[in-house]
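Sequential numbering from 1 along the given sequence is applied to the chain's residues. Note that ligands are numbered from 1 as they come in the structure, with each ligand's atoms numbered from 1 the same way. None of the values given here were measured: they were computed from a predicted structure.
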Amino acid sequence: MLGGMTIIAVFNQKGGVGKTTTVLNLLAAIARRGQRPWGIDLDPQAHLSHVFGARPRRADDSVYAFFARGAPLADVAQITRSGVVLCPAHLDLAKLDATLGKGMDEVTRLRQALQQPGTTTGPVVIDCNPLLTVLSLNAVFACDVLVIPVSSDYLALRGALELERALKAMEPVFRRRLPRRYLLTRYDARKTMSAEVVEGMAKALRADEICTTRIRENVHLAESPAFELDIFRHAPDGRGAADYNALLDELSGAGFVA
Ligand SMILES: Nc1ncnc2c1ncn2[C@@H]1O[C@H](COP(=O)(O)OP(=O)(O)OP(=O)(O)O)[C@@H](O)[C@H]1O
Ligand SMILES: [Mg+2]
């Protein structure tokens, strides 16, 4: 952990697997327990920022300013209704892949900043776009644990296995095995596909790196972003809230969240 604050990156290069849903509700779960977590939106689509009601008009008011001209993260941070400090995204983030390059200095920018004591006020959760871009690499290099959502379908599992290979290739740079947790999302016990993905994960991945928590298919989780609400505000007594609380318990139990 850097400066005592956990950094969790949520990534899978497959799109639509529940990355943003997981970041949103993990942040909200942490905030509800009395901490002031930081959310960093590195996806040019800015879905997380939207749900939090943050829509910076100028790229310079987003995390773009941090990458493009080294502005302190605190300069673009804003507090949300969920009690989360958010560094919002902007469409211009998509330009950074062409301008920044992928050298060690560029991919460790976020890590360098978050390593400075006093940068954040609590655990950090980073949302990524579904491509291994310079921004996602910044998230991977900055994190203490990588959470990889795998939705209950074949392509999401394949994305996870591709990522596993990419992480293996990066290991000489990390000089250790990067802590990671695969998280099954949109799980439906009645569906054969869900059972097949459970089986496929068990076959191809390390058992201790698969979350015991499964995020079940849940309509409230799907509809809450439309109301700009996290699951604890939208349906506090439902299964979605229970599942994301369980995920936080599991990550805390493993020592990833203090
Ligand atoms: N457990 C769930 N039950 C039902 N719907 C879900 C669940 N998790 C996510 N969804 C829905 O699935 C869709 C994709 O989820 P989400 O946006 O979190 O994925 P993502 O990985 O961030 O996508 P992208 O790669 O585009 O950033 C959304 O419509 C979301 O509401
Ligand atoms: Mg997303």
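Remark: K102 NZ is packed, more than 12 non-hydrogen atoms of other residues, nucleotides or ligands lying under 6.0 Å away.
Across D249, T21, T22, N25, a single residue satisfies side chain to side chain donor-acceptor pair (under 3.5 Å) together with Y244, and that is T22.
The Mg ion (ligand 2) does not have Q45 among its coordinating residues (no N/O/S atom, backbone or side chain, under 2.8 Å).
Considering backbone and side-chain atoms alike, G18 places an N or O below 3.5 Å from some N or O of ligand 1. Of the N or O atoms in P225, none lie within a sub-3.5 Å distance of an N or O in ligand 1.
If you check which protein heavy atom lies closest to atom 31 (O) of ligand 1, you get A222 CA, 3.3 Å. Of all protein heavy atoms, the one closest to atom 4 (C) of ligand 1 is N218 O, 3.2 Å. Ranking protein heavy atoms by distance to atom 17 (O) of ligand 1, first place goes to T20 CB, 4.1 Å. Nearest protein neighbour of atom 9 (C) of ligand 1, counting heavy atoms only, is T21 OG1, 3.4 Å. Remark: minimum distance from atom 23 (O) of ligand 1 to any protein heavy atom is reached at G16 N, 3.0 Å. In this structure, atom 20 (P) of ligand 1 lies nearest to the protein heavy atom K19 N, 3.5 Å.
Residue E217 places a heavy atom less than 4.0 Å from ligand 1. The closest approach between any non-hydrogen atom of L221 and ligand 1 is below 4.0 Å. Taking a 4.0 Å cut-off on heavy atoms, R216 registers as neighbouring ligand 1.
Q116 pairs by the side chain to side chain contact (heavy atoms under 4.5 Å, CB included) definition with T119, not counting sequence neighbours. Applying the side chain to side chain contact (heavy atoms under 4.5 Å, CB included) criterion to R165, with sequence neighbours excluded, gives E162.
Using a distance-only test at 3.5 Å, with no hydrogens or angles considered, a donor-acceptor pair links the side chain of N138 to the main chain of V134. Between the side chain of D230 and the main chain of A28, no donor-acceptor pair closer than 3.5 Å is present. In this structure a side-chain-to-backbone donor-acceptor pair under 3.5 Å is missing from E223 to H220.
Judged purely by distance below 3.5 Å, without hydrogens or angles, the side chains of D41 and S49 pair a donor atom with an acceptor atom.
Annotation for ligand 1: atoms under 4.0 Å from non-hydrogen atoms of P130 are 25 (O). Within ligand 1, counting atoms from 1 as listed, the ones closer than 4.0 Å to a heavy atom of I215 are 1 (N). Atoms of ligand 1 found under 4.0 Å from any heavy atom of G15 (numbered from 1 in listed order, with element): 25 (O). Under a 4.0 Å criterion applied to the non-hydrogen atoms of V17, ligand 1 contributes the atoms 19 (O), 20 (P), 21 (O).
Contact detail for L42 and V63: the closest heavy-atom pair is CD2-CG1, 4.1 Å.
Between E164 and R177, at least one side-chain N (NZ, or NE/NH1/NH2) sits under 4.0 Å from a carboxylate O, which counts as a salt bridge.
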Go through the steps to decide whether D188 and S152 satisfy the test side chain to side chain donor-acceptor pair (under 3.5 Å), and finish with yes or no. CA-CA 8 Å; D188 185 340; S152 300; over 6 Å; no
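For atom 6 (C) of ligand 1, the nearest protein heavy atom is under 4.0 Å away. Remark: atom 29 (O) of ligand 1 lies closer than 4.0 Å to no protein heavy atom.
Contact annotation for D43 and ligand 1: only side-chain heavy atoms (C-beta onward) come within less than 4.0 Å of the ligand.
Distances from atom 11 (C) of ligand 1 to the heavy atoms of Q45, H220, R186 show the closest one on R186.
Note: F227 and H234 meet the aromatic proximity criterion, with ring centroids under 6.0 Å apart.
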